[in-house]
Every structure is written in structure tokens, then in C-alpha cells.
Chemist: 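The following block contains the structure, expressed as C-alpha cells.
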Amino acid sequence: MLKIWSMKQQQQAASAAEGGQKKKKVTAAQLRAQKDLSELSLPPTIRMHMPDPEDILNFTLTIEPDEGMYKGGSFNFTFAINSNFPHEPPKVKCTQKIYHPNIDLDGNVCLNILREDWKPVLNLNAVIVGLQFLFLEPNPSDPLNKEAAEDLRLTRENFKRNVKNSMNGGHVKNVQFERVLK
Amino acid sequence: MKVKIKKWNAVASWRWDVPEDDVCGICRVQFDGTCPNCRFPGDDCPLLVGKCGHSFHLHCVNDWIQTESSRGLCPMCRQKFEFVAE
């Protein structure tokens, strides 16, 4: 009798361990990210790179705008999706030091749907389209780089010159920027 | 000729009363499937219909409402999320 008991417990422990492993294998965040990635429709100006195909929660994105003031640049972003996705937005950072009203010098991005306006029905496509939009229409209200925003508000022409200069690896107001021309 | 029924089995099928290919906006799984954390569809993983007309898996929308940033709003339309009591 006792033996049967312990055998049953062993069995349960084994299946529990198996179940635990299974859960670890595919989390809710991974399932959802997989769905989002399969529905992704990237325009020719955006490329995606997955350094580790096993890890779909971390990847990079390159945006090369073909119009607007940032035309000719090549901008890299890292995406990090945590286990709370889609209840929390992906963490998106620019890996280069660029001159942009909505991206600070550390690469933090100010995009409403990455912060206060995130909701779980939004998908990665929405985030990517939002990022691309920042390069077509930099937004001087609610800026992260206040100086760049001020420049844009005051004179658009001056701002355009600064953008060109910064993308070439030049200085804007004593701050040197990374060369991002492709 | 007489037929004598010795045994019979009844089979029934069910589905949620929503358009067939509707998915939960949060996990993007069909409503007839389960949320990512459940194994069996049905009463164990029910739907919740909001007064705003948007439906989700109970478990999915519960997770969302419990996050601080949700402010209790429907993830679709940002109206206050209140469910329709059956």
C-alpha cells in the first residue's frame, strides 16, 4: 500500500516537472510575439534582424527613411520584449547617439504608444510604424531632447541643417553625434 | 424487421456566441481556444463581454485590468471596462 502511494507521488512529481518545462518552453509572451512577428508587414525602408532565432523576444530594427529630413540615414533600434508582453510594451532603444526631438542622447524613445498609451491590443507592427513616423514627422511637443525640439519649434530650416549636420557625424551646440549616413 | 437499440451515445458541440474567426485582442488566440495559460476551453477559460461591446478571455483582460497603467480601461476603445453580467 505504502509503496503504491510513493510510486504515485513520484509519477506526479515527474509529470509536474515535465509540465513546468513545457510552460517554460513557450510562454504567453512568446506566443503573442510569434503571432505579431508572423503578421508583420515591413516596408522596404525597414529591416529586422534577429541575432538569436531561438530568442524571438530580442531583436534589432533598422530604419532607413526614404523621405523627410532624416532621408539617407540608417537608424538602429533594439527591441526587448519582457515576459509581461502584451500587458507591457516592448522596450525600444536607439543604439546610436542622434539628434532628434523625441529621442534623447542615451537612445530613449518618446513615443506615446511605447509609454502611457500602450494597450495590449496594439502589436509590434503598430510600434514599428510609430517609430518610422517619428523620422517623418519629428514632434516638438513633449520632447526628450529639449534643445532639438526648441530648434524645430523656432526655425524649421535651422533644424533641418542641424539634422543634416548631425547625421554626418558633426556637432550641434557642442554635442557630437554619430555618423548614421548609409 | 425490428431494430432494437441496445446502446446510444449523444454527442454535442458548443461554441461561444461570437463571430467564428474572432480572436481575443490581447492574446490573439481565437475565442474558441483558450487563453495562453489554460488547457481546456469552455467554463474553465470563459469570455468576458464588456459594456463597450469588446470581448476578451476573462484571464487576459483580468491581467490587463490588474496592471496599473490600464487605469481600468478597455484595451480596445479606452472606455471604462465594465463587463455585462449575464
Side-chain angles (χ1 to χ4, degrees), chain A residues 12 14-41 55-57 79-92 108-130 142, chain B residues 15-84:
Chain A
Q12 276 177 344
S15 74
E18 219 172 73
Q21 257 178 6
K22 252 188 189 161
K23 246 186 189 165
K24 247 182 209 164
K25 231 176 177 178
V26 189
T27 63
Q30 280 172 316
L31 279 171
R32 174 60 207 274
Q34 183 68 57
K35 286 212 160 71
D36 277 18
L37 290 172
S38 66
E39 287 167 10
L40 219 52
S41 60
D55 178 12
I56 60 165
L57 300 182
F79 276 65
I81 297 172
N82 72 17
S83 59
N84 256 340
F85 183 76
H87 296 290
E88 277 179 38
K91 301 234 178 324
V92 178
N108 299 306
V109 182
C110 183
L111 182 64
N112 65 336
I113 55 168
L114 282 178
R115 293 159 178 255
E116 73 277 9
D117 285 341
W118 171 260
K119 41 184 188 170
V121 297
L122 290 171
N123 58 12
L124 291 175
N125 219 27
V127 171
I128 291 169
V129 168
D142 190 23
Chain B
R15 51 185 313 276
W16 295 109
D17 188 13
V18 290
E20 197 162 341
D21 46 6
D22 246 17
V23 296
C24 167
I26 297 175
C27 65
R28 306 261 165 170
V29 173
Q30 291 203 351
F31 281 127
D32 288 335
T34 66
C35 84
N37 298 319
C38 287
R39 292 185 64 184
F40 302 107
D43 287 341
D44 290 342
C45 187
L47 305 191
L48 207 56
V49 182
K51 280 187 181 163
C52 55
H54 297 123
S55 315
F56 305 95
H57 288 123
L58 167 74
H59 301 141
C60 291
V61 78
N62 234 353
D63 280 353
W64 168 243
I65 293 297
Q66 275 165 18
T67 59
E68 212 176 304
S69 54
S70 76
R71 287 167 289 158
L73 306 182
C74 168
M76 278 295 184
C77 61
R78 295 212 176 96
Q79 296 183 59
K80 189 167 170 35
F81 191 82
E82 289 173 304
F83 62 90
V84 180

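Letters A, B, ... are given to chains in the order of the sequence lines, protein chains preceding strands, and every chain is numbered from 1.
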Chemist: Name the region of A/Glu116, side chain, backbone, both or neither, that has any atom closer than 4.5 Å to a heavy atom of chain B.
Modeler: backbone
Chemist: Can you say whether A/Asp117 sits under 4.5 Å from chain B via the side chain, the backbone, both, or neither, judging by heavy atoms?
Modeler: both
Chemist: Where is the tightest heavy-atom contact between A/Arg32 and B/Ile26, given as atom of each residue plus distance?
Modeler: NH1-O, 2.6 Å
Chemist: Mind checking what makes salt bridge (charged side-chain N to carboxylate O under 4.0 Å, His left out) contact with B/Asp32, not counting sequence neighbours?
Modeler: B/Arg15
Chemist: Chain A heavy atoms under 4.5 Å from B/Cys60: which part of the residue, side chain, backbone, both or neither?
Modeler: backbone
Chemist: Work out which heavy atom in A/Lys119 is nearest to a heavy atom in B/Trp64; give both atom names and the distance.
Modeler: CA-CH2, 3.9 Å
Chemist: Quick check for you: to the nearest 0.5 Å, what is the distance between A/His87 atom NE2 and B/Thr67 atom OG1?
Modeler: 7.5 Å
Chemist: Determine yes or no for a side-chain-to-main-chain donor-acceptor pair under 3.5 angstrom, with B/Arg28 supplying the side chain and A/Val121 the backbone.
Modeler: yes
Chemist: Sequence neighbours excluded, which residues qualify as side chain to side chain contact (heavy atoms under 4.5 Å, CB included) partners of B/Leu58?
Modeler: B/Pro46, B/Leu48, B/Asn62
